[in-house]
There are 2 protein chains.
Amino acid sequence: MVGAPPHRRNKREAASEARRQAILDAALDAFVSQGFAAARLDDIVAAAGVAKGTIYLFFRDKQDLFEQVVRGAIGPVFAEMAALAEKTDAPFDVMLAALFEKFQRDILATPKREIPRLILAEGRRFPELAAFYHREVITPGLDLLRRLARRAHQRGELASDALVRQPLLAFAPMLVSLLWTSTFDPIEKLDVPGLLATHREILSAPQARKPTS
Amino acid sequence: MVGAPPHRRNKREAASEARRQAILDAALDAFVSQGFAAARLDDIVAAAGVAKGTIYLFFRDKQDLFEQVVRGAIGPVFAEMAALAEKTDAPFDVMLAALFEKFQRDILATPKREIPRLILAEGRRFPELAAFYHREVITPGLDLLRRLARRAHQRGELASDALVRQPLLAFAPMLVSLLWTSTFDPIEKLDVPGLLATHREILSAPQARKPTS
DNA sequence: TATTTGACTGACTTCCCAGTCATTTGTCAA
DNA sequence: TTGACAAATGACTGGGAAGTCAGTCAAATA
């Protein structure tokens, strides 16, 4: 009986975990809408329905809370997208469409869409967080895209190896959609499906017969 | 003699203008490295070599200072890029190369590179600023790109009208370069020239004979 | 049921920083 | 040279928010 059962050892622990999660949820909201410095713990605490001191039972300080909020929100979604892409064997164009689709449904349409903006905004003051994001999301993401591009190129689905050299170019429009949506949507809505469809259209074209010919 | 001579009416005004500019410079640094909320006026004042109260001779409050910093840093560079592109009559590929070049020299290699990140970071809390940026930079920029794309398409330099429909796709990699450089450069340097060159390569390919054929 | 335990509370302390204003300084006009 | 005036100063204030800790009480235990 050394290892405890994974769920609900007793009432205390269950309630405790619920509190912790409530704090994380409220904190995500607050950090996303106010930024790290301007978010107030008193607001988070009120939204989570706990007392001020409770935060310090779970998190060392405000910064620790921030880091755990961001880390928790990133990992899962990304792993799903990677799994999806790795598993199937569809043509490049189809796979890209599926990824774009999942991206729109699971990220762009949820509060998680704000996370990349938050990391860009606060990355300067949280170098470890930027490093974490780079290590856990960006690098594996680009590696995945590179593998997909290489396979497509070898199969002849992509005429050039441009995306193998710069897989970031396949992702750029998604990032732009994310940031536009987070910032300019109240002013001018972006036609994300149109943007991504046109992007696929460009990528799937028979590129790069030598620039000079 | 109603209109004063444009420069240095007397010692007082010249010194005053110099102080104002010193504050703006110091404030840009501070806001860029700390964000709006965390930047301290005491630091800005110290870096600018003026006293606390001096800020309030020129700016209503911290927010007003922030907005003037950002507005002042954006306008000029962008107008230059637009003028450059509008003036010449070069092929699309060449013009794109020239724009990318100027972008790297005049923005990416200067502190101004931080401005877009700052706007994305703080846009939520400064809706007027986001609107200003959208109106003064983004909209005219996209219009310009659209005109260039349309001309190139009509001339037959671009096989498809993809960029006429979504001019944002021509710009996306520049934005990504900007953000990467601002955030992840200490961790992993981005090969910006390579990225942009590959992007031109993709855009200039003979695209979009109907997806199914 | 009685006792113990420790998770949770929230009023309080402490620090920080935007913004003020009475005082000082330097310039200009007479 | 001097008086008048604006510009600049920086010690100070008020408010706000992060973090603390002695007390409380529901759940676990005997």
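Quick note on labels: first sequence line is chain A, next is B, and so on, each numbered from 1. Remember, it's a predicted structure, so these values are computed and weren't measured experimentally.
Using a distance-only test at 3.5 Å, with no hydrogens or angles considered, a donor-acceptor pair links the side chain of Thr139(B) to the main chain of His134(B). Checked by atom type and distance alone, the side chain of Arg117(B) pairs as donor or acceptor with a backbone atom of Leu120(A) at under 3.5 Å. Panel note: side chain Lys62(B), backbone Ala39(B); a donor-acceptor pair is recorded below 3.5 Å.
Spacing between atom CD1 of Ile55(A) and atom C1' of dA11(C) amounts to 16 Å, rounded to whole angstrom units. Rounded to a whole Å, the CG atom of Leu41(B) is 20 Å from the P atom of dC12(D). The distance between atom CG of Asp64(A) and atom C1' of dA18(D), rounded to the nearest whole Å, is 14 Å. Nucleotide dG19(C) holds its P atom 17 Å from the CZ atom of Phe58(B), rounded to whole Å. A straight line from CG of Asp61(A) to P of dT14(C) spans 20 Å, rounded to a whole angstrom. In this structure, the CZ atom of Arg20(B) is 14 Å from the P atom of dA7(D), given to the nearest Å. Distance CG (Asp43(B)) to P (dC16(C)): 12 Å, rounded to an integer number of Å. Separating the CG atom of Leu57(A) from the P atom of dT20(D) is a distance of 12 Å, rounded to the nearest angstrom.
Interatomic distance, Leu144(B) CG to Leu99(B) CG, rounded to the nearest 0.5 Å: 7.0 Å.
No engagement by Ala37(B) is indicated, since no non-hydrogen atom pair under 4.0 Å with the nucleic acid exists. Among the heavy atoms of the strands lying under 4.0 Å from Ala39(B) are primed sugar atoms or P, OP1, OP2 only; no base atom is included. Using a 4.0 Å heavy-atom cutoff across all strands shown, Phe59(B) reaches no nucleic acid atom at all.
In the set dC8(C), dA18(C), dT9(D), the nucleotide with an atom closest to the side chain of Ser16(A) is dC8(C). Out of dG19(C), dG19(D), dG10(C), the shortest distance to the side chain of Lys62(A) is found at dG19(D).
In this structure, Arg71(B) is positioned above the aromatic face of Phe132(B), its NZ or CZ under 6.0 Å from the six-membered ring centre and within 45° of the axis.
When the side-chain nitrogen and oxygen atoms of Thr54(A) are compared with OP1 and OP2 of dA7(C), none of them lie within a distance under 4.0 Å. Remark: Arg40(B) is not in phosphate contact with dC16(C), judged by side-chain N or O atoms under 4.0 Å from OP1 or OP2. The phosphate of dA7(D) (OP1 or OP2) has no side-chain N or O of Arg19(B) nearer than 4.0 angstrom.
At a cut-off of 3.5 angstrom, counting only N and O atoms as typed in the model, there is a donor on one side and an acceptor on the other between the side-chain of Lys52(B) and the base of dA18(C).
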